[in-house]
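These notes concern the structure reproduced below.
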Amino acid sequence: VSVLASLVNLQKLDLSVNHISDISFISSMTTLASLGIAQNQVHALPPFGDVNSIQYIYAAYNQISDLSNLADAANLKDLDLTGCQVTDIG
């Protein structure tokens, strides 16, 4: 999946249902507007400080519990965390 980090102009990425646990490469995708990672094994969202364009995150049915890395996602319009065990909203 790390090869995706070189796709810096990508605007929409859907990796749902792929047994992925590490999505840290997202931090280098500065033009990404829509991210689909539902039904994987993601434990943490990466910092979105440089990904100013992120508007949609579909992360349902993962093991995400901490949302503090969303603090810089000022343009976020839609967030789906259905089935996640969120315990810290930062």
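Please read these numbers as outputs of a predicted model, since none were measured by experiment.
- Contact detail for Ala59 and Cys84: the closest heavy-atom pair is O-SG, 3.3 Å.
- Rounded to the nearest 0.5 Å, atoms CG (Asn62) and NE2 (His43) are 9.0 Å apart.
- In this structure the side chain of Leu13 reaches within 4.5 angstrom of the side chain of Phe25, judged on heavy atoms.
- The side-chain contact (heavy atoms from CB on, under 4.5 Å) search around Tyr58 returns Ser34, Tyr56, Asp78, Asp80, not counting sequence neighbours.
- The shortest distance between side-chain heavy atoms of Leu15 and Leu4 falls below 4.5 Å.
- Val42 is not connected to Tyr61 by any chain of hydrophobic side-chain contacts under 4.5 Å among Ile, Leu, Val, Met, Phe, Trp and Tyr, and they are in different clusters.
- In this structure, the side chains of Ser65 and Val86 stay at 4.5 Å or more apart for every pair of heavy atoms.
- Across Asp22, Ile23, Asn18, a single residue satisfies side chain to side chain contact (heavy atoms under 4.5 Å, CB included) together with Asn40, and that is Asn18.
- Separation of atoms CD (Gln39) and OG1 (Thr82) is listed at 10.5 Å; rounding is to 0.5 Å.
- A heavy-atom distance below 4.5 Å is found between the side chains of Leu70 and Leu79.
- When all heavy atoms are compared, the tightest approach of Ser27 to Pro47 is OG-O, 3.2 Å.
- Checked by atom type and distance alone, the side chain of Ser21 never pairs as donor or acceptor with a backbone atom of Gln41 at under 3.5 Å.
- Within the 4.5 Å cutoff, the side chain of Leu81 has heavy atoms near those of the Leu67 side chain.
- For Ser16, the side-chain contact (heavy atoms from CB on, under 4.5 Å) partners at least two apart in sequence or on another chain are Asp14, Ala38.
- No single ILVMFWY cluster, assembled from side-chain heavy atoms under 4.5 Å apart, contains both Ile20 and Val17.
- Contact check for Met29 versus Val8: no side-chain heavy atoms found under the 4.5 Å cut-off.
- From Asn69, atom CG reaches atom CD1 of Ile64 across 10.5 Å, with rounding to the nearest 0.5 Å.
- Between the CD atom of Gln63 and the CD atom of Gln85 there is a distance of 8.5 Å, given to the nearest 0.5 Å.
- Here the straight-line distance linking atom CG of Leu32 with atom CD of Gln55 works out to 10.0 Å at 0.5 Å rounding.
- The shortest distance between side-chain heavy atoms of Asp66 and Thr87 does not fall below 4.5 Å.
- By the 6.0 Å contact criterion, CG on Asp50 is open, its count of non-hydrogen atoms from other residues, nucleotides or ligands being 12 or less.
- For the side chain to side chain contact (heavy atoms under 4.5 Å, CB included) criterion with Leu45, the lone passing option out of Ile37, Ile26, Leu35 is Ile37.
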